[in-house]
Amino acid sequence: MDKRKVVNLEDRLPKLKEQRKSRANRRLIIYMSVFFILILFILYTQSSLSNVAKINVEGNEYTSKKEIIKASDLSTHTSFFSVDSDDVSKKIKENTQIKSASIEKAFPNKINIHVKEYDRVAYVADDGKFIPILENGEILKSNQGEDTHGDAPLLVGWNNGERLEEMIKELIKIPDSIAHSISEIEYTPTDVNKMFITLYMNDGFEVTANIEDLSKKILAYPQIVSELGPEAAGVIDFEVYDGLYDPYFKDDKKEDEAEEAEEAQ
């Protein structure tokens, strides 16, 4: 005989009905919640609450935050959901000082703008004003009158536009570690050499050279200085003579001693 417990169908019906009712209530609550969330989302996106509330700018050193935001066309009247990151980036990069721009949208209404500016390879002295020159060769005429920041050498006496362009091309190729050790570059042409320049270094040395291939020759500067020692002072000549290139150091101390000896005679 089967001893398994037999459950009366009449006893099970109330429990089944209760389970179905409970599942139906849960589904109704879920549907209603989704419905109200959609309504609230639509109301939010259509109201001023969804407008951009804050714009952060990072990575700028020379270009002002105000200038970058203006170029982006973003404001507190812009809908957060209408912001196209690629489009905003393109607008910001129209500024000649900006190399790249990335846009990050932080929900619910914050925009983060990170920019990378072109490095400044030099400044041109012009009637007491300083004009920045960027690594892309751009000369920022609109920035006359600003400080040099000490971040790039000052070009002095460059009235020849063609020679200036050649000098900029060479400066762009020079490693930062060496470029930052140059204080001034003076255009000092002679009757026989229109490419002749004089560099004044931050460590007190002077360097004479030709514009062409300066970026290659100057690579030897750190090694030469280290061999001369900290007490040395004078001119390091990187000129090419009769097609031959051999760096030459003119010791100021020895020159002074020679002059004093001549005067004593």
Side-chain angles (χ1 to χ4, degrees), residues 37-155 158 161-162 164-177 179-180 182 215:
I37 290 173
L38 288 173
I39 293 297
L40 290 174
F41 180 76
I42 292 171
L43 291 174
Y44 170 71
T45 57
Q46 298 301 315
S47 71
S48 59
L49 293 174
S50 66
N51 287 350
V52 174
K54 189 174 183 180
I55 304 173
N56 286 335
V57 178
E58 299 176 346
N60 59 309
E61 182 178 356
Y62 307 107
T63 316
S64 69
K65 175 181 177 180
K66 184 178 180 181
E67 189 176 355
I68 292 172
I69 293 176
K70 183 179 179 181
S72 73
D73 270 348
L74 297 177
S75 73
T76 53
H77 299 293
T78 305
S79 171
F80 177 82
F81 296 97
S82 69
V83 175
D84 185 321
S85 298
D86 291 336
D87 183 56
V88 173
S89 177
K90 288 178 182 178
K91 289 178 179 178
I92 294 175
K93 287 192 292 184
E94 289 178 3
N95 184 308
T96 54
Q97 298 191 73
I98 304 300
K99 187 174 186 177
S100 65
S102 59
I103 314 301
E104 178 190 3
K105 299 169 69 175
F107 191 80
N109 49 20
K110 182 180 176 183
I111 301 292
N112 295 317
I113 301 174
H114 185 81
V115 300
K116 180 175 177 57
E117 298 170 310
Y118 284 107
D119 289 334
R120 301 190 172 198
V121 297
Y123 292 86
V124 176
D126 181 23
D127 194 24
K129 300 175 181 179
F130 300 120
I131 306 174
I133 301 174
L134 307 182
E135 61 178 290
N136 60 350
E138 185 78 24
I139 301 177
L140 300 181
K141 296 291 186 180
S142 60
N143 289 64
Q144 292 185 13
E146 69 174 49
D147 274 337
T148 63
H149 298 275
D151 55 350
L154 178 65
L155 303 183
W158 294 81
E162 182 180 348
L164 176 59
E165 289 181 8
E166 293 173 359
M167 185 70 253
I168 292 172
K169 289 178 181 178
E170 288 300 306
L171 279 173
I172 292 171
K173 301 174 188 176
I174 297 176
D176 289 343
S177 57
H180 291 164
I182 306 172
S215 59

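Computed over heavy atoms, backbone and side chain alike; hydrogens, waters and symmetry mates excluded.
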Taking the side chain as every heavy atom from C-beta outward, state whether [X] and [Y] have any pair of such atoms under 4.5 Å apart.
X	Y	result
Leu134	Asp119	no
Gln97	Tyr118	no
Ile55	Thr76	no
Phe130	Leu154	yes
Thr78	Ser82	yes
Lys116	Ile98	no
Asn51	Asn109	no
His114	Asn112	no

Is a donor on one side and an acceptor on the other found under 3.5 Å between the side chain of [X] and the backbone of [Y]?
X	Y	result
Glu117	Glu61	yes
Lys110	Ala53	no
Glu135	Ile172	no

side-chain contact (heavy atoms from CB on, under 4.5 Å) partner of Ile111, chosen from Ile69, Asn56, Leu74: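 For Ile111, the side-chain contact (heavy atoms from CB on, under 4.5 Å) check succeeds only for Leu74.
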
Could you tell me the separation between the [atom1] atom of [X] and the [atom2] atom of [Y], rounded to the nearest 0.5 Å?
X	Y	atom1	atom2	result
Tyr62	Glu67	OH	CD	14.5 Å
Arg120	Leu171	CZ	CG	15.0 Å
Ile133	Leu164	CD1	CG	5.0 Å
Ser215	Met167	OG	CE	8.5 Å
Lys70	Ser75	NZ	OG	13.5 Å
Ser72	Glu94	OG	CD	11.5 Å

Closest heavy-atom pair and its distance - Pro153, Ala179: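 Smallest interatomic distance, heavy atoms only, reads CD-O, 4.0 Å.
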
Worked verdict on Val115 versus Ile92 for side-chain contact (heavy atoms from CB on, under 4.5 Å): CA-CA 9 Å; Val115 300; Ile92 294 175; 4.1 Å; yes

Pairs satisfying salt bridge (charged side-chain N to carboxylate O under 4.0 Å, His left out), at least one member in residues 167-177, at least two apart: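 Those involving residues 167-177 are Glu170-Lys173.
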
Qualifying residues under side-chain hydrogen bond (donor to acceptor under 3.5 Å, both in side chains), relative to Asn60, sequence neighbours excluded: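 side-chain hydrogen bond (donor to acceptor under 3.5 Å, both in side chains) list for Asn60, sorted by chain: empty.
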
Donor-acceptor pairs under 3.5 angstrom involving side-chain atoms of residues 83-91: please list them, not counting sequence neighbours.
| residue | atom | partner | partner atom | Å |
| --- | --- | --- | --- | --- |
| Asp84 | OD1 | Asp86 | N | 3.1 |
| Asp84 | OD1 | Asp87 | N | 3.2 |
| Asp87 | OD2 | Lys91 | NZ | 3.4 |
| Ser89 | OG | Ala101 | O | 2.6 |
| Lys91 | NZ | Asp73 | OD2 | 3.2 |

Check against side-chain contact (heavy atoms from CB on, under 4.5 Å), Ile139 and Ile168: CA-CA 10 Å; Ile139 301 177; Ile168 292 172; 4.2 Å; yes

